[in-house]
Amino acid sequence: YPMIFEKDLSKLKQFFYSFSRIISLFEPELFSYFNSHNVDVNMFLPPWFITLFLTARQYNKDKEMPIVLIRILDNFLVSGWKFMMKVAIKLLHLYEKELMNLKYEDMLTYLINDMPKCSFFNEKNPDNIEKVLDENNITKRLIVNIENEFNEKTKLETPKKDNPK
């Protein structure tokens, strides 16, 4: 996602759309629950990707950078946003039951403030995290297809300008 914060934020919108579609594909019940409670991914994704993984460090029992966070950041540098989507989907999957028992405000509080405290980030065996993340099948092809879907949808929604002659 190069230039994700460019002037018109079109790449950011595409990213939100892509992640929303991925939730609908991999966690359809949670997606429906989010929709029924008017929770949109743009409400929690920015804080997640800006601070979630760094904030989780402060809640680590050992006060050191958890091996899970090191692996997540390493994989992000190698694989990019696709890997971050895998992590985010896995977090939603692991905590789906808790989330689906919450109402709007409590759900947002949980997603933004409580998620960094979850046990996922205190896993001691780095192989477990990669095994868990390999369980979902978010592929580059899937992301490209969703991005193309977004681009087509955006084209249809954008009014055409008349060319002055």
Side-chain angles (χ1 to χ4, degrees), residues 1-60 65-66 68-77 79-123 129-130 132-140 142-147 149-151 153-154 157:
Y1 287 87
M3 306 293 280
I4 200 163
F5 294 108
E6 61 191 10
K7 203 185 290 186
D8 69 352
L9 298 178
S10 61
K11 287 292 182 187
L12 184 62
K13 292 172 188 171
Q14 182 184 56
F15 183 79
F16 287 157
Y17 179 85
S18 296
F19 190 71
S20 187
R21 286 286 289 127
I22 286 172
I23 295 173
S24 75
L25 294 171
F26 288 88
E27 298 296 332
E29 288 179 27
L30 185 60
F31 181 76
S32 293
Y33 193 76
F34 281 170
N35 282 339
S36 70
H37 287 78
N38 298 315
V39 172
D40 195 78
V41 297
N42 65 0
M43 296 172 164
F44 65 89
L45 274 187
W48 271 26
F49 292 138
I50 293 170
T51 62
L52 175 67
F53 304 109
L54 298 175
T55 305
R57 179 180 183 259
Q58 77 186 27
Y59 296 107
N60 183 275
M65 181 70 115
V68 169
L69 293 178
I70 293 168
R71 286 287 174 102
I72 288 171
L73 294 173
D74 282 349
N75 279 289
F76 170 66
L77 292 173
S79 302
W81 289 104
K82 178 182 91 168
F83 188 79
M84 295 305 266
M85 285 187 184
K86 281 185 161 197
V87 171
I89 284 293
K90 191 57 178 179
L91 282 170
L92 291 175
H93 175 75
L94 290 172
Y95 298 97
E96 178 177 17
K97 286 184 177 122
E98 288 90 320
L99 289 166
M100 290 181 69
N101 284 317
L102 300 171
K103 299 295 181 219
Y104 178 82
E105 280 186 32
D106 293 331
M107 193 180 328
L108 288 177
T109 298
Y110 188 90
L111 287 164
I112 296 168
N113 297 331
D114 297 338
M115 197 60 79
K117 302 171 191 171
C118 71
S119 62
F120 176 83
F121 294 110
N122 290 309
E123 174 64 50
I129 184 70
E130 292 188 18
V132 162
L133 293 172
D134 285 339
E135 290 172 2
N136 64 35
N137 196 20
I138 299 172
T139 63
K140 180 70 176 163
L142 174 63
I143 292 172
V144 167
N145 287 342
I146 291 171
E147 288 172 350
E149 178 183 299
F150 173 81
N151 293 336
K153 184 178 181 232
T154 304
E157 292 174 355

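Numbering of residues begins at 1 and proceeds along the displayed sequence.
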Taking atom [atom1] of [X] and atom [atom2] of [Y], what is their separation to the nearest 0.5 Å?
X      : Y      : atom1 : atom2 : result
Asn113 : Asp106 : CG    : CG    : 11.0 Å
Glu29  : Phe34  : CD    : CZ    : 12.5 Å
Lys86  : Phe26  : NZ    : CZ    : 9.0 Å
Ile89  : Leu25  : CD1   : CG    : 8.5 Å

>> Does Asn151 form a side-chain contact (heavy atoms from CB on, under 4.5 Å) with Gln14? I'd like the steps, not just the answer.
In response: CA-CA 8 Å; Asn151 293 336; Gln14 182 184 56; 3.3 Å; yes
> Angle class for the Phe19/Phe15 ring planes (parallel below 30°, perpendicular above 60°, tilted otherwise)?
Replying inline: parallel
Looking at every heavy atom in both [X] and [Y], which two are closest together, and how far apart are they?
X      : Y     : result
Ile22  : Met85 : CD1-SD, 3.3 Å
Met84  : Ile72 : SD-CG2, 4.0 Å
Met107 : Leu99 : CG-CD2, 3.9 Å
Tyr104 : Asn38 : CE1-O, 3.5 Å

Look only at the side chain of [X] and the backbone of [Y], and say whether a donor-acceptor pair between them is shorter than 3.5 Å.
X     : Y      : value
Tyr33 : Met100 : yes
Ser24 : Arg21  : yes
Ser20 : Phe16  : no

> Does the side chain of Met115 come within less than 4.5 Å of Phe44's, by heavy atoms?
Replying inline: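 With C-beta onward as the side chain, the pair stays apart.
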>> Measuring only between side-chain heavy atoms, which start at C-beta, is Tyr17 closer than 4.5 Å to Thr154?
In response: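 SC-SC contact between Tyr17 and Thr154 ruled out.
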> Going through the checks in order, is the side-chain contact (heavy atoms from CB on, under 4.5 Å) test met by Trp48 and Leu91?
Replying inline: CA-CA 11 Å; Trp48 271 26; Leu91 282 170; 4.1 Å; yes
> So which of Val144, Leu142, Ile143 actually passes side chain to side chain contact (heavy atoms under 4.5 Å, CB included) with Ile146?
Replying inline: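 Only match with Ile146 under side chain to side chain contact (heavy atoms under 4.5 Å, CB included): Leu142.
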>> Please evaluate residues Leu108 and Leu102 with respect to the criterion side-chain contact (heavy atoms from CB on, under 4.5 Å), reporting the C-alpha separation (whole Å), side-chain torsions for both, the decisive distance (0.1 Å), and the verdict.
In response: CA-CA 9 Å; Leu108 288 177; Leu102 300 171; over 6 Å; no
